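First comes the structure, then the notes that go with it.
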Number of protein chains: 2
Amino acid sequence: MKPTVHDIANIAGVSLATVDRVLNGRPGVRLVTRGKVEEAIASLGYVRDLAAANLAKSRTYSFVFILPANDNSFMIGLTEEVRGAVARSSFERTDIRIVDVPPFDPDALVAALEAALAEKPAGVAFVAIDAPEVRAAAERLRQAGIPMVTLVSDLPDSSRDHYAGIDNIAAGRTAGSLMGRFLSGPFLGERGATVAVLAGSMLVRDHRERLEGFSTVIAQAYPNVHILPVLEGRDDPVLAETMIADALRRNADIAGIYSLGAGNRGLIRALQKARGPRRPLVIAHELTASTRVALADGIIDAVLNQDAGHEVRSAIRVLKAKADGLPVLAAQERIRIDIFLKDNLP
Amino acid sequence: MKPTVHDIANIAGVSLATVDRVLNGRPGVRLVTRGKVEEAIASLGYVRDLAAANLAKSRTYSFVFILPANDNSFMIGLTEEVRGAVARSSFERTDIRIVDVPPFDPDALVAALEAALAEKPAGVAFVAIDAPEVRAAAERLRQAGIPMVTLVSDLPDSSRDHYAGIDNIAAGRTAGSLMGRFLSGPFLGERGATVAVLAGSMLVRDHRERLEGFSTVIAQAYPNVHILPVLEGRDDPVLAETMIADALRRNADIAGIYSLGAGNRGLIRALQKARGPRRPLVIAHELTASTRVALADGIIDAVLNQDAGHEVRSAIRVLKAKADGLPVLAAQERIRIDIFLKDNLP
DNA sequence: CTGTTAGCGCCTTCAA
DNA sequence: TTGAAGGCGCTAACAG
């Protein structure tokens with residue numbers, strides 16, 4: 001039989017209340033008494049029953065999720081996943097509030113973090129923007145003892161407790177390897193091949209990191225692949241379509257395209273229209289309705305993906321664990337870089 | 001405030017005990033009374049608090065995991081993951097018993113299933129062998145109302161409630177696509193390329209399915225790739241090494257190797273020794289200590305993997321849900337076909 | 001400083 | 001067929 005607070009009380013010769021005070025580190029216990037109780041706890045190998053504790057406290061974990069009101073499929077999907085968690089909240093003892101903020105706006109994010117701080121939730125998850133003022137706001141939350149998880153985009157060297165997202169440098173490297181190997185056959189002649197890169201903005205960290213990883217691998221392992229200057233499509237389908245169409249027109253020998261941001265609908269449209277003699281090899285990020293179809297149709301060759309559902313569930317698990325001072329299972333919380341070919345689509 | 005059994009009792013004008021009887025479908029309630037209670041439940045939108053219920057029952061979920069005592073790294077890792085779950089069992093209200101059975105032995109598996117049935121656990125997970133007597137034993141468990149999950153290897157068209165493992169046909173297809181694309185460049189000349197396949201045994205379903213997927217894609221999309229007769233290494237490192245060494249010696253023009261089973265240590269040793277003019281392209285299954293090193297060293301080009309930790313955690317979650325008659329989150333329980341290049345190693 | 005007591009939401013005797 | 005009362009393991013007033 002697992003030991004309970006009663007057993008501790010008996011062995012230590014104190015009352016339940018005192019045991020509880022010690023267990024929860026509350027003041028008002030003499031040092032000697034505390035010692036006796038802690039001894040009993042250790043000797044019994046006691047572990048508290050969290051479910052019972054939460055029942056007694058009628059506790060619900062109140063979390064705030066701050067999400068950019070971006071209208072690309074990935075962010076919409078992410079928000080959808082959080083909504084799903086909200087729907088399940090009654091079963092999971094959570095109370096999740098979703099806060100929308102304008103995208104790419106550090107000040108708005110800071111304001112949202114401040115607002116969250118004011119209501120003292122049990123935890124906060126947010127899609128970070130890598131800016132000093134955001135880092136400062138995060139530090140204030142930490143001072144207040146509020147667990148924090150960054151989602152999708154990290155805030156390194158900050159006081160966040162955990163990052164629920166992929167390693168974007170590794171993702172870029174993976175894209176680079178795939179590009180290099182896939183190109184090797186049909187495209188790479190004596191004079192090498194040319195590759196275009198479509199990003200959202202070089203201001204956001206994930207995009208910079210993906211490009212960095214990609215460029216590194218290409219330079220090291222595929223020196224005869226030439227990368228054109230980055231196109232910044234601001235994750236906007238219309239802009240992306242124009243830029244890709246232009247690039248294909250000006251540069252007839254583009255053999256590959258790496259789309260490392262969102263807004264792939266525009267890219268796909270441009271590719272569908274510009275049917276040249278030989279279609280370029282395309283690697284894109286995020287499995288959405290449009291990239292899925294493009295992959296199945298052979299317009300896109302590979303999709304790198306981060307599982308938004310996993311990220312959201314992981315963020316919640318981690319916030320709960322941090323709120324309770326419990327350890328997390330690192331292996332369970334690692335967000336994979338999924339590689340999808342048309343053959344392993346879920 | 002969430003409605004409780006008290007609210008139901010008040011509205012229906014009955015006692016808590018009666019409410020409980022209705023909630024748990026126990027006999028001893030007049031039809032009219034039952035009707036009143038059910039009406040109150042519906043009108044309140046009541047959902048029971050599982051944690052409180054389990055506390056009151058001091059319930060622990062007793063599960064049996066039947067695992068083949070295979071000595072390859074993957075099975076050892078799988079067992080390790082179950083051990084991890086056993087270690088966490090006090091926190092998760094589970095009581096997991098691990099039963100080892102000789103590998104590839106349907107009768108032993110049937111005996112283990114019978115033994116499990118005898119002790120009436122809350123659920124059973126097992127690595128299936130695709131045989132009629134196993135299917136029959138599974139049916140007996142289902143008759144007894146014991147939830148069942150197949151792990152890693154499925155038992156299709158049977159009475160198992162869930163399969164925690166990957167789609168092996170899709171895995172084979174994925175390997176085929178990668179092989180075809182990777183080969184296209186450096187190897188595929190006018191006269192095509194030759195590929196060897198190393199399997200454990202064509203008697204186990206996963207291996208058959210992987211080969212099927214692989215062959216299909218190669219035949220359809222890469223007709224000038226020629227697949228040699230399958231080598232069955234029985235997942236034995238020593239045997240595998242001999243077979244691969246032999247094959248490389250006899251067939252100097254082997255351009256690629258697909259290792260779809262376990263026992264990759266032997267494969268790797270053979271490759272290290274047989275340094276020909278140009279090393280073959282290698283795709284293997286399961287990320288283990290040895291395949292990881294081989295991938296990093298460039299001896300293996302890609303590893304397809306199933307996350308054993310995820311499979312075990314998923315099996316437990318599903319068994320719990322089935323035991324409680326609750327739905328499962330399909331997206332969370334889907335086991336991915338992970339593709340690892342040296343760039344996205346965890 | 002310490003103990004008593006009454007719950008949290010649900011289940012389970014036992015008695016009526 | 002129904003209800004009253006006690007308890008699961010833990011917490012939180014409120015007294016001493």
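Note that the structure is predicted; figures quoted are calculated from it, not measured. A, B, ... follow the sequence lines: proteins, then strands. Residue 1 opens every chain.
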Main-chain N/O of B/Val86 paired with B/Ser89 side-chain donor or acceptor, under 3.5 Å: yes
B/Glu119 with B/Arg97: basic N within carboxylate O range, under 4.0 Å: yes
Between CD on residue B/Gln332 and NE2 on residue B/His310, distance to nearest 0.5 Å: 6.5 Å
Check: B/Arg160 side chain, B/Arg135 main-chain N or O, donor-acceptor pair, under 3.5 Å: no
Estimated bend of the helix from C/dC1-D/dG16 to C/dA16-D/dT1 (axis per five terminal pairs, rounded to 10 degrees): 40°
Sugar-phosphate only, base, or nothing, as touched by A/Arg26 at under 4.0 Å among non-hydrogen atoms: sugar-phosphate
Pair A/Asn24, A/Arg48: side-chain N/O donor-acceptor within cut-off below 3.5 Å: yes
Salt-bridge contact B/Arg142-B/Asp161 (side-chain N to carboxylate O under 4.0 Å): no
Over 12 foreign heavy atoms within 6.0 Å of CD, B/Glu139: yes
Backbone of A/Met75 reached by a side-chain donor or acceptor of A/Asn70 within 3.5 Å: no
Sequence-aligned protein contact record of nucleotides 1-10 of chain C, with B where the base is within under 4.0 Å of a protein heavy atom and S where only the sugar-phosphate is: SBBB--BBBB
